[in-house]
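Here's the structure, in structure tokens; my notes come after.
Below, read A as the first sequence line, B as the second, and so on, with proteins coming before strands; counting in each chain starts at 1.
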2 protein chains.
Amino acid sequence: MSLRNALLAMLTSQPMTGYDVYKNFQTSVGYVWHAPDSQIYPELRRMEQDGLIRGETVPWGKRGTKKRYSITEAGVESFQAWLNAPPEYQRERDPVRLRAAYLEWAKPDASAEFFRAHTAYHAGRIEDWEEMIAALRDQSNPTLAKRIEGKSAEEARRITAYKVFAYEGMIARARAEIAWAEKGLELVEELERRV
Amino acid sequence: MSLRNALLAMLTSQPMTGYDVYKNFQTSVGYVWHAPDSQIYPELRRMEQDGLIRGETVPWGKRGTKKRYSITEAGVESFQAWLNAPPEYQRERDPVRLRAAYLEWAKPDASAEFFRAHTAYHAGRIEDWEEMIAALRDQSNPTLAKRIEGKSAEEARRITAYKVFAYEGMIARARAEIAWAEKGLELVEELERRV
DNA sequence: CCCAACATGTAAGGGGTTACATGATTTT
DNA sequence: AAAATCATGTAACCCCTTACATGTTGGG
């Protein structure tokens, strides 16, 4: 049900078309919850049926139309209910650790490459999130700008702080991954040393 | 395809029935890759069809039979191919960070409780993994014992080291989560303070 | 003899991926 | 006039969850 809540989260900022949601996903929520368009459009329709959002058909150019969705009161309640409920955790399913546990079967070079790739991957993600944090801090992120429009400075600070904090969590996790991968590289070098 | 590789990993230790695999999952690989029996039995059948494992029907008591699976050469190759290939990363999908990013919509008490639950959850997992590491180190883990049977001390050390290292990675991640959740609690207290 | 453990399934449904598909509008 | 962007889908497939279902064996 997190997709649904990610969509509700987007729509608490402002009314949007499915396409807007899809685009905005890539530059905001998408950094914590990815969704492809093939998932977004059908889900929005289901959410409308369930009364969480309301769609209005608005003209687009001369002949075209598009559907703009707004969150309903029921939608806000549902979103808040999710936020207020105790968190649920999925069973562990960690392909990286699964691999690491059986590296005695891998080629030494592949093991080393695996840890290097792991570091590179997470370093890349950290860059993305740091950019995101910068854009939140200076309010150049359009979704956030819309969100805090007309709010008090105090409110704006509070709203921004949680988003920044979420990305800081991603970064902290990524740093832990990199530290682990670096130790992994040392371990491979120690264990697979050809004498 | 990680389920398949988790099953292959189990079967590199020794031949097993589906039930053995299921049981062992809970005390070894299951800590990094969970799978229910309803997934294991059908997957083993598919793997046999694909020639990765071979099943032999063995008697069980007076009338019963059971099927014991052994990994084939093709199975070992497939497992190693997976280990030697560059890692693939899934798109981000992080319900915890998604929630954290929108805590301005939650009740302050629920936000605090959320971070406390997060800490408690990960503290519990750390305990499990630490027990697991202890069992690996003193070789009281039966799957590992079987795995290193007849191997040189050097080989045994290498095999054990990777498994310990994998669990250390889980623990490192969990510690990062706890540190983050503790900061989250402070943030909630700061932002939601009633004056 | 009963119960725990051993043994093995089916079936419906949810969520996600990948690929395929189409058309209108705005920008260059 | 072409290209990029806006707009919205469908369909097959894979993986996983949850619930239901059944029978055997070994130990107390």
Side-chain angles (χ1 to χ4, degrees), chain A residues 1-8 10 15-27 29-30 32-50 53 55-69 82 88-95 98 142, chain B residues 1-8 10 15-27 29-30 32-50 53 55-69 82 88-95 98 142:
Chain A
M1 282 295 87
S2 283
L3 169 61
R4 186 164 278 213
N5 288 299
L7 295 174
L8 288 174
M10 291 285 337
M16 286 182 194
T17 66
Y19 188 74
D20 290 334
V21 172
Y22 169 59
K23 281 286 144 181
N24 277 294
F25 249 66
Q26 290 170 54
T27 57
V29 205
V32 295
W33 195 275
H34 166 83
D37 55 351
S38 68
Q39 227 190 329
I40 290 173
Y41 286 110
E43 185 62 25
L44 287 172
R45 265 178 280 143
R46 279 190 292 268
M47 287 164 73
E48 187 180 13
Q49 280 194 333
D50 293 349
I53 59 179
E56 45 165 352
T57 304
V58 294
W60 173 51
K62 294 200 197 306
R63 283 183 304 279
T65 62
K66 57 184 178 178
K67 203 159 181 186
R68 182 160 46 216
Y69 293 103
W82 173 69
E88 279 169 37
Y89 292 90
Q90 297 300 310
R91 244 60 94 71
E92 213 60 54
R93 208 162 265 128
D94 185 335
L98 178 60
Chain B
M1 281 294 89
S2 282
L3 170 61
R4 185 163 279 212
N5 288 300
L7 296 173
L8 288 174
M10 291 283 340
M16 288 183 191
T17 65
Y19 188 74
D20 290 334
V21 172
Y22 169 61
K23 281 284 143 184
N24 279 293
F25 248 67
Q26 289 169 56
T27 57
V29 204
V32 295
W33 195 275
H34 165 81
D37 55 352
S38 67
Q39 228 191 328
I40 290 172
Y41 286 110
E43 184 63 24
L44 286 172
R45 266 179 279 142
R46 279 189 292 267
M47 286 163 73
E48 188 181 11
Q49 280 194 330
D50 294 347
I53 58 178
E56 46 166 351
T57 303
V58 295
W60 172 50
K62 294 199 197 309
R63 281 183 305 280
T65 61
K66 58 184 178 179
K67 201 158 182 185
R68 183 160 45 215
Y69 293 102
W82 173 69
E88 278 168 37
Y89 293 90
Q90 298 300 309
R91 245 58 95 72
E92 215 58 57
R93 208 163 263 126
D94 186 336
L98 178 60

For nucleotides 23-28 of chain C, give me one character per nucleotide, 5' to 3': B if any protein heavy atom sits under 4.0 Å from the base, S if the only such contacts are to the sugar-phosphate, - if neither. BBS---
Does D:dT17 have OP1 or OP2 under 4.0 Å away from a side-chain N or O of A:Arg93? yes
Could you check whether any side-chain N or O of B:Asp50 sits under 3.5 Å from a backbone N or O of B:Met47, counting only pairs where one atom can act as donor and the other as acceptor? no
Quickly work out the B:Tyr22 OH to C:dG9 P distance and round it to whole Å. 15 Å
N/O to N/O distances under 3.5 Å, protein versus nucleotides 10-14 of chain D:
{"residue": "D:dT10", "atom": "OP2", "partner": "A:Arg45", "partner atom": "NH2", "Å": "3.4"}

Could you work out, with salt bridge (charged side-chain N to carboxylate O under 4.0 Å, His left out) as the rule, every residue matching B:Asp37, not counting sequence neighbours? none
Considering residues at least two apart in sequence or located in another chain, which fulfil the side-chain contact (heavy atoms from CB on, under 4.5 Å) criterion with A:Arg91? B:His34
Want to settle it: does A:Ala35 or B:Tyr69 sit nearer the 5' end of DNA chain C, counting the closest nucleotide to each? B:Tyr69
B:Leu44 has an atom CG; how far is it from atom C1' of C:dT10, in whole Å? 16 Å
Between C:dA7 (C1') and B:Phe25 (CZ): distance, integer Å: 17 Å
Could you check how far CD of A:Glu88 sits from P of C:dG15, rounded to whole Å? 12 Å
B:Arg46 meets the side chain to side chain donor-acceptor pair (under 3.5 Å) criterion, sequence neighbours left out, with B:Glu43
Measure from the side chain of B:His34, starting at C-beta and using heavy atoms only, and say which of D:dT17, D:dC16, D:dT8 lies closest. D:dT17
Whole Å only: how far is the NZ atom of B:Lys67 from the C1' atom of D:dT24? 18 Å
With sequence neighbours excluded, residues passing side chain to side chain donor-acceptor pair (under 3.5 Å) with B:Ser2: none
Length of the line joining B:Arg91:CZ and C:dT17:P, which is rounded to integer Å: 7 Å
Taken to the nearest whole Å, CD/B:Gln90 to P/C:dG16 is 12 Å
Test of understanding: with salt bridge (charged side-chain N to carboxylate O under 4.0 Å, His left out), list the residues that count as partners of A:Asp94, not counting sequence neighbours. A:Arg97, B:Arg173
Going by salt bridge (Lys or Arg N to Asp or Glu O under 4.0 Å), name the pairs with one or both residues in residues 59-69 of chain B, residues two or more places apart or in two chains. B:Glu48-B:Lys67, B:Glu56-B:Arg68
B:Tyr19 vs C:dC6: side-chain N/O to OP1/OP2 distance below 4.0 Å: yes
Can you list the residues that meet the salt bridge (charged side-chain N to carboxylate O under 4.0 Å, His left out) rule with A:Arg45, with sequence neighbours excluded? none
Against the side chain of A:Leu3, the closest entry in C:dG16, C:dT8, D:dT18 is C:dG16
Whole-Å distance, A:Ile40 CD1 to D:dC6 P, equals 14 Å
Supply the atom-to-atom distance B:Met16 CE to B:Phe25 CZ, rounded to the nearest 0.5 angstrom. 9.5 Å
